[in-house]
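Before any comments, here is the structure.
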Amino acid sequence: MPAPNLTCATFLGTNERIVHVQRIEDRMAGWENGTLVMVENGEHEVLMETPQMRASVFDGIAKTFRSVTTPAA
């Protein structure tokens, strides 16, 4: 299926060993409003990494939410 017309940020650890990295890279490459952020030395659960890594991921998540505009009510 094609990616939905939504903004998406995916955070993927460079030491990922649980999921198929190439499939994630392929999906995100075709996602018009998608961003793939590689977390250096990150494992599968990037939000359970070091405080510095978590802070970087949380900053990226916040940046993604701030970038989304909603239609006026």
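These values consider heavy atoms only, across backbone and side chains, with no hydrogens, waters or symmetry-generated copies.
Under the 4.5 Å side-chain heavy-atom criterion for ILVMFWY residues, no single connected hydrophobic cluster contains both Val39 and Met48. One hydrophobic cluster, built from ILVMFWY side chains closer than 4.5 Å, holds both Val57 and Phe65. By the criterion of side-chain heavy atoms lying less than 4.5 angstrom apart, applied directly or through intervening Ile, Leu, Val, Met, Phe, Trp or Tyr residues, Met28 is grouped together with Met38 in one hydrophobic cluster.
Here the side chain of Glu49 pairs a donor or acceptor atom with the backbone of Glu43 at under 3.5 angstrom. Using modelled atom types, one side-chain atom of Ser67 and one backbone atom of Thr64 make a donor-acceptor pair closer than 3.5 Å.
For Glu25, the side-chain contact (heavy atoms from CB on, under 4.5 Å) partners at least two apart in sequence or on another chain are Val21, Gln22, Leu36.
The number of heavy atoms from other shown groups lying within 6.0 Å of CG (Asp59) is above 12.
The minimum heavy-atom distance between Met53 and Asn41, with the atom names listed, is CE-C, 3.5 Å. His44 approaches Val19 most closely through the heavy-atom pair CE1-CG1, 3.7 Å. Taking every heavy atom of both residues into account, Ala3 and Trp31 meet most closely at CB-CD2, 3.4 Å.
Rounded to the nearest 0.5 angstrom, Ile24 CD1 and Phe11 CZ are separated by 13.0 Å.
The side-chain heavy atoms of Pro51 and Arg54, taken from C-beta on, include a pair separated by under 4.5 Å.
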